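Everything below concerns the one structure shown next.
Reckoned from all heavy atoms, side chains included, excluding hydrogens, waters and symmetry mates. On a predicted model such as this, the values are computed, not experimentally measured, just so you know.
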Amino acid sequence: CVGTMGLEHGACAALLIGCALVLSGCSPDVYEETCVWHSDLNIKGCDFYGFKSCVHHCTYCVTESGPDECGQLKCAAYCAQRNGDDDCRTNFKTLCDIAMQEQTDLSSCNVDCSVAGRSAPRSLGLLLLLSLTHIFLSDCISQSLRSAKRLMLLCALAAIGFTLHGCCEDPEHQLPDWDPDFEEFKTKADWYDENGIWRGNPTWRFTPEHEAEGYVCKTMHETRPICVVWTSNEWNCNEQDFGICKCHSLPSESEGNYCQAWGCHSLEADQEVCHLDSEGNVACSYEEFKMDEDKYYRLVSMQESGVLTTGENIWWSFSSAWNAGNNRLLSDDGNSTEGPLQAVVEGSAEMSRAAEADTEGSHGTLRSRLSSASSSSEAVGQPAPARQLQADAWPPAVAYNPAMRWRYFSWGDVCIANGDNVALVKVKCNRWREVETEISQCFCKKGSSFACTEWSCEERDVGLFSVLFRTKQPIDQYTVGTEKEEYTCKKFDDGVGSKCVAWEGDISSVEEAEWTRCECADGYSCHGVGAVWKCDEYELPRTRDLFWHENRAKWTPFILIEIAMLVLLCQGFVGGGDAIGVAVCMGSCVGVILFPFLLVTLGFYAFLLIGLPFWAIRCTCLGCACCAAACGRGDGEEMRGTGSFKRGLSAIIGRQS
């Protein structure tokens with residue numbers, strides 16, 4: 001078929017294209033490519049990037065009626081099976097079985113938790129599409145060569161545009177007298193191994209990225225000197241966050257006056273707005289979106305679309321998680337994970353108007369309008385319970401509601417998207433901005449009379465595939481978090497055992513290492529309503545294993561260049577005489593140029609694996625060439641001057657001197 005000409009050739013190509021488009025799903029259905037793994041939890045044993053990539057190739061995880069959790073289970077089952085790891089398949093099957101048993105809306109789902117689902121047709125279509133490259137390869141190459149000048153011009157214009165576009169200025173350092181120890185920081189980021197050997201930095205980013213942070217106490221416990229509600233704010237040129245943290249567990253008074261466990265809910269807004277350009281590619285530009293208390297309240301109310309919990313009229317308000325007068329949590333009805341989910345009925349219009357109100361109004365006025373809107377709500381059903389790690393904690397179960405993650409809404413002429421629905425928003429909206437939800441849980445590991453001195457936090461947002469994690473059964477043995485945070489108090493206001501006034505955090509994820517320090521701001525009380533903490537956080541990219549799939553892709557240019565030099569060396573031996581010396585010389589020069597790039601990008605072990613074998617071949621050939629010259633082999637002339645170089649080069653490229 002490939003060898004046919006004229007009309008037969010065109011008919012064959014058209015047939016292949018038609019088959020490929022049918023099998024790859026070429027319909028304009030906006031819900032087709034809505035599968036995305038955007039969770040802070042991963043299944044133990046499943047490759048973090050491989051499993052996520054597989055999920056992204058599934059289809060119809062969201063439909064017109066909302067998230068299709070049966071389809072999500074089928075997708076995850078397929079990817080767990082494809083992952084090839086027994087632990088991954090076993091742990092997924094356990095989580096899937098729990099979901100099938102506990103989620104009543106899955107009673108009609110026919111998913112087999114041990115077998116695969118629904119991605120294969122797209123892969124088959126892709127294979128057929130790839131087969132067409134053989135037919136038109138020569139045309140593609142010629143077109144690429146003809147457009148080389150145009151491509152270079154576009155690259156130059158893009159570089160100039162990026163330079164002129166600029167960015168916001170780096171936020172002012174909150175703690176000008178503190179900087180992290182950069183040498184220790186590089187070790188935290190795994191740039192060096194435990195033996196001090198360089199492991200590389202594939203990103204070539206050598207300066208820590210700075211982020212400013214601030215915390216403000218909003219509510220104190222009525223009978224104990226403990227802040228139980230506070231706000232958090234983080235900002236730099238890339239993103240801005242605002243959120244609320246609430247304490248939900250205290251130790252006994254004899255153990256100490258500090259928060260024992262707390263949770264935080266925040267929104268993180270990208271500082272760029274994106275759109276599709278004329279060629280269908282995503283193009284983004286910087287546009288500040290300052291996150292503050294007012295924007296946080298308005299965004300959450302829009303995200304919720306009127307959904308409320310019981311116990312607190314609006315769960316994201318400053319109302320404390322504590323029942324005044326005692327040291328217990330709110331009543332079971334007030335903070336239960338099984339409380340009825342409520343939706344605004346007659347008050348929904350007022351809720352919407354309040355959410356779209358002018359930001360000039362006071363925060364208290366906005367909250368009062370939202371609270372008054374909730375008074376006309378009525379129960380309409382029960383949400384699925386949160387998984388064990390969220391039980392009896394804050395944020396409540398409704399914060400994990402999957403329906404909140406696929407909805408999008410507008411802020412002016414810009415759609416507000418998130419990692420779960422951005423594929424849908426790209427089709428539905430002209431411009432969009434991503435605003436992510438961040439949920440974390442923290443607990444104190446060591447306390448004193450007046451302060452928690454060591455504590456840990458973990459990101460626990462579960463994203464679109466929350467069906468696998470919404471359970472009251474303990475599932476820690478089947479899951480692993482993607483980011484861990486460890487904090488230690490570094491300074492006390494009156495010696496050890498008194499109030500903490502400065503602390504540092506060591507934050508680790510699969511992609512970054514972060515180091516943060518916070519201090520109580522001068523001029524503020526550190527232990528009451530209005531207490532202000534100022535912080536600086538620095539981030540460095542983490543170096544992954546040499547055989548990690550993205551690092552393996554970076555091997556390719558180095559290996560291809562070395563192979564090209566090896567072919568040149570072989571050609572030199574075929575040419576003989578001066579050609580051997582020229583080939584060895586050229587290969588060595590290229591190897592010397594490659595060496596720093598290989599070492600800096602992939603590290604010392606990569607040089608041993610990729611570079612050293614070719615250097616061994618070059619050195620061996622150099623020794624052979626020297627021996628040949630010394631023994632008078634070839635034409636008996638020493639290789640010297642430009643004449644010898646020209647003769648050798650001519651022999652390599654097949655010309656006669």
Side-chain angles (χ1 to χ4, degrees), residues 171-182 184-185 188 208 210-221 224-236 241-251 255-264 266 438 440-459 483-509 512-540:
E172 180 181 354
H173 288 232
Q174 308 295 293
L175 309 175
D177 297 330
W178 177 80
D179 286 298
D181 184 328
F182 190 58
E184 184 179 352
F185 205 176
K188 291 177 181 288
H210 171 245
E211 183 176 71
E213 300 180 0
Y215 300 89
V216 179
C217 179
K218 292 294 184 179
T219 305
M220 295 291 292
H221 191 273
R224 300 173 66 177
I226 303 172
C227 183
V228 291
V229 180
W230 60 95
T231 61
S232 65
N233 191 201
E234 305 175 7
W235 67 97
N236 63 12
D241 303 20
F242 188 91
I244 295 176
C245 300
K246 295 187 181 184
C247 180
H248 57 76
S249 180
L250 291 182
E255 294 178 293
N257 285 310
Y258 57 87
C259 183
Q260 194 170 48
W262 61 97
C264 298
S266 61
E438 291 191 342
S440 62
Q441 294 290 339
C442 305
F443 66 93
C444 182
K445 299 193 297 182
K446 182 180 179 181
S448 63
S449 299
F450 294 98
C452 177
T453 58
E454 294 181 15
W455 63 97
S456 295
C457 296
E458 181 183 1
E459 298 285 346
E483 182 172 285
K484 296 294 181 66
E485 306 174 7
E486 300 291 337
Y487 298 90
T488 304
C489 182
K490 295 295 185 179
K491 183 180 179 181
F492 298 88
D493 62 355
D494 191 22
V496 177
S498 58
K499 289 287 187 180
C500 181
V501 294
W503 46 266
E504 292 185 13
D506 184 4
I507 304 170
S508 176
S509 70
E512 291 179 324
E514 304 172 24
W515 195 340
T516 184
R517 180 179 175 90
C518 293
E519 296 180 4
C520 181
D522 293 337
Y524 292 91
S525 168
C526 298
H527 317 301
V529 173
V532 175
W533 293 74
K534 293 185 176 181
C535 317
D536 281 322
E537 180 179 283
Y538 296 88
E539 304 174 358
L540 279 179

Using a distance-only test with no angle check, is there a side-chain donor-acceptor pair under 3.5 angstrom linking [X] and [Y]?
| X | Y | result |
| --- | --- | --- |
| H210 | N236 | no |
| D179 | H173 | no |
| E504 | W515 | yes |
| E454 | T488 | no |
| D493 | S498 | yes |

Ignoring hydrogens, what is the shortest heavy-atom contact between [X] and [Y]? Give both atom names and the distance.
| X | Y | answer |
| --- | --- | --- |
| W235 | G214 | CZ3-N, 4.0 Å |
| Y487 | I507 | OH-CD1, 3.7 Å |
| C227 | C247 | O-CB, 4.5 Å |
| L175 | C535 | CD1-CA, 4.4 Å |
| H527 | C500 | CE1-O, 4.3 Å |
| A513 | K188 | CB-O, 3.8 Å |

Output yes when a side-chain donor or acceptor of [X] lies under 3.5 Å from a complementary backbone atom of [Y], and no otherwise.
| X | Y | answer |
| --- | --- | --- |
| N257 | A451 | no |
| Q174 | E172 | yes |
| T516 | D536 | yes |
| D506 | E486 | no |
| S449 | G256 | no |

How about C452 and C444, are their SG atoms within less than 2.5 Å of each other?
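A disulfide, yes.
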C264 and C442 SG atoms less than 2.5 angstrom apart:
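Answer is no: C264 does not pair with C442 in a disulfide.
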Can you tell if the side chain of [X] reaches within under 4.5 Å of the side chain of [Y], non-hydrogen atoms only?
| X | Y | value |
| --- | --- | --- |
| F450 | F492 | no |
| M220 | I226 | no |
| F443 | C457 | no |
| W230 | K218 | no |
| R517 | E519 | yes |
| F242 | S232 | no |

Residue of the set R224, E255, Q260 for which side-chain contact (heavy atoms from CB on, under 4.5 Å) holds with L250
R224
Only residue of Q441, E483, K484 satisfying side-chain contact (heavy atoms from CB on, under 4.5 Å) with E459 is E483
Neighbour count above 12 (heavy atom, 6.0 Å) for K491 NZ:
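12 or below, so no.
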Can you tell me how far the [atom1] atom of [X] sits from the [atom2] atom of [Y], to the nearest 0.5 Å?
| X | Y | atom1 | atom2 | answer |
| --- | --- | --- | --- | --- |
| Y538 | F185 | OH | CZ | 9.5 Å |
| Y258 | W455 | OH | CH2 | 12.0 Å |
| S249 | W262 | OG | CH2 | 10.5 Å |
| S509 | E485 | OG | CD | 9.5 Å |

Would F182 and L540 satisfy side chain to side chain contact (heavy atoms under 4.5 Å, CB included), going step by step from the backbone distance to the final call?
CA-CA 10 Å; F182 190 58; L540 279 179; 4.0 Å; yes
Dump the intermediate steps for side chain to side chain contact (heavy atoms under 4.5 Å, CB included) on T219 and V529, then the final yes or no.
CA-CA 6 Å; T219 305; V529 173; 5.7 Å; no
